[in-house]
Amino acid sequence: MRHRFRNLIILFTASVVLAFAFNFFLLPHEVLSGGVTGLAMIFGLLTPLSSGIWLIVFNIPVLIIGWMKLGKEFIANSVFSVAVTSVAMLYVPVLQVTEDALLSSVFGGVIVGACIGTIIRFYGSTGGFDVIGLVLTLKRDLPLGVLVFGLNSLVVFASGFFFTWELALYTLASIYITGIVVDRIHTRHIKLSLMVVTDQDQKLRGELIGNLIRGITVMNAQGGYSNEERKVLYTVISRYELALVKSIIQDVDPRAFVSVTETVEVLGNFRRS
């Protein structure tokens with residue numbers, strides 16, 4: 001429970017800081033974020049409704065896709081993050097920190113990337129193309145930031161038609177920086193070998209199989225000191241899945257012995273059919 005509460009606090013903080021980054025650095029210069037958030041910003045600038053309202057509207061179909069592909073906990077965290085960001089954007093004033101649009105694009109991109117990377121690392125998302133990118137990384141182990149940058153580039157062309165091409169280039173610079181920072185924090189493409197020694201193997205195995213797309217190898221073991229029978233669960237996961245796995249193990253068997261090591265290369269069936 002404490003682990004879950006800590007994660008929610010981190011998601012809440014990152015979501016609020018994200019709203020400040022939008023309203024302090026990007027929106028005052030009409031520099032957009034990418035993807036669905038960028039579209040929400042466009043509609044927020046062109047219509048009387050706040051960008052926060054449009055953010056919720058556009059994220060509904062995307063979150064449904066995430067529910068089907070990425071699991072309930074992920075979507076619950078994503079809904080929480082999107083809701084906090086949207087509400088915060090309603091109350092945080094749109095304030096121009098600096099008159100330099102390029103400086104705002106750079107700092108806004110860094111802060112947005114740090115917030116999004118943190119949210120994703122703690123098994124959530126800001127909705128939009130983050131979810132689409134994560135679904136695609138289930139099939140190919142590509143850096144998430146690269147995928148999101150490619151998808152978000154579509155917003156650049158939209159902003160160019162609605163505003164100016166100079167602002168479109170600022171937007172491109174901002175989302176490129178965001179993608180780089182996301183990959184520095186997210187590191188989904190890094191693989192980890194996970195070994196868990198537990199006496200709650202049936203329940204833990206069921207929880208892991210139910211929440212991951214990885215296969216699990218079960219081995220018999222015996223305590224060297226206690227001589228008690230144990231089970232060893234072994235699997236390889238992505239760096240992104242570690243937060244979820246740790247949460248599951250903590251809930252099922254807090255006394256389990258867990259070893260996590262970085263894996264150089266994986267051959268064979270990395271994904272469960």
Side-chain angles (χ1 to χ4, degrees), residues 1-15 63-81 83-84 117-125 130-131 134-135 137-139 141 144 185-263 266 268-273:
M1 181 63 69
R2 291 176 59 187
H3 183 78
R4 173 66 175 162
F5 180 74
R6 185 204 66 178
N7 287 355
L8 287 177
I9 291 296
I10 293 173
L11 290 172
F12 176 85
T13 303
S15 300
L63 291 175
I64 292 175
I65 295 174
W67 178 282
M68 296 185 293
K69 297 292 184 179
L70 299 170
K72 297 178 181 178
E73 182 175 350
F74 171 81
I75 291 304
N77 289 342
S78 299
V79 170
F80 175 75
S81 178
V84 170
T118 300
I119 291 169
I120 292 174
R121 188 158 186 168
F122 284 87
Y123 210 60
S125 78
D130 293 352
V131 176
L134 287 168
V135 170
T137 58
L138 294 177
K139 302 296 182 182
D141 294 316
L144 178 64
I185 297 175
H186 178 248
T187 61
R188 182 194 179 99
H189 53 285
I190 294 177
K191 303 299 181 293
L192 303 173
S193 293
L194 176 74
M195 184 178 70
V196 184
V197 182
T198 178
D199 55 8
Q200 302 288 328
D201 58 291
Q202 291 290 344
K203 185 176 181 181
L204 183 56
R205 179 171 54 179
E207 288 293 323
L208 291 174
I209 290 176
N211 287 276
L212 301 175
I213 58 170
R214 315 297 175 199
I216 296 176
T217 299
V218 182
M219 298 173 281
N220 294 318
Q222 185 180 47
Y225 174 75
S226 65
N227 290 321
E228 295 181 358
E229 296 296 324
R230 295 281 191 275
K231 294 290 185 181
V232 177
L233 307 184
Y234 176 80
T235 187
V236 178
I237 61 175
S238 69
R239 177 65 181 80
Y240 166 68
E241 294 165 316
L242 181 59
L244 173 63
V245 169
K246 288 167 64 177
S247 177
I248 291 173
I249 295 174
Q250 185 67 27
D251 290 341
V252 175
D253 186 7
R255 299 178 60 187
F257 175 82
V258 182
S259 174
V260 181
T261 56
E262 188 169 323
T263 299
V266 178
N269 296 323
F270 178 53
R271 295 173 179 79
R272 191 176 73 237
S273 300

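If you read the sequence from its start, that first residue is 1, and numbering goes on from there.
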Sub-4.5 Å side-chain heavy-atom contact between V232 and T217: no
Value for CZ (R6) from CG (L11), rounded to nearest 0.5 Å, stands at 10.0 Å
Hits for side chain to side chain donor-acceptor pair (under 3.5 Å) against S259, two or more places apart or cross-chain, chain-then-number order -> none
For a quick test of your reading: what N or O donor-acceptor pairs under 3.5 Å do the side chains of residues 194-206 make, sequence neighbours left out?
{"residue": "T198", "atom": "OG1", "partner": "Q200", "partner atom": "N", "Å": "2.8"}
{"residue": "T198", "atom": "OG1", "partner": "D253", "partner atom": "OD2", "Å": "2.6"}
{"residue": "Q202", "atom": "OE1", "partner": "R205", "partner atom": "NH2", "Å": "3.0"}

Taking the side chain as everything from C-beta on, heavy atoms only, tell me whether T235 gets closer than 4.5 Å to L208. no
Partners passing side chain to side chain contact (heavy atoms under 4.5 Å, CB included) against F12 (at least two apart in sequence or in another chain): V16, F80, V84
For S81, what residues pass the side chain to side chain contact (heavy atoms under 4.5 Å, CB included) criterion, not counting sequence neighbours? S15, T85, I119, T126
Q222: which residues meet the side chain to side chain contact (heavy atoms under 4.5 Å, CB included) condition with it, sequence neighbours left out? N227, E229
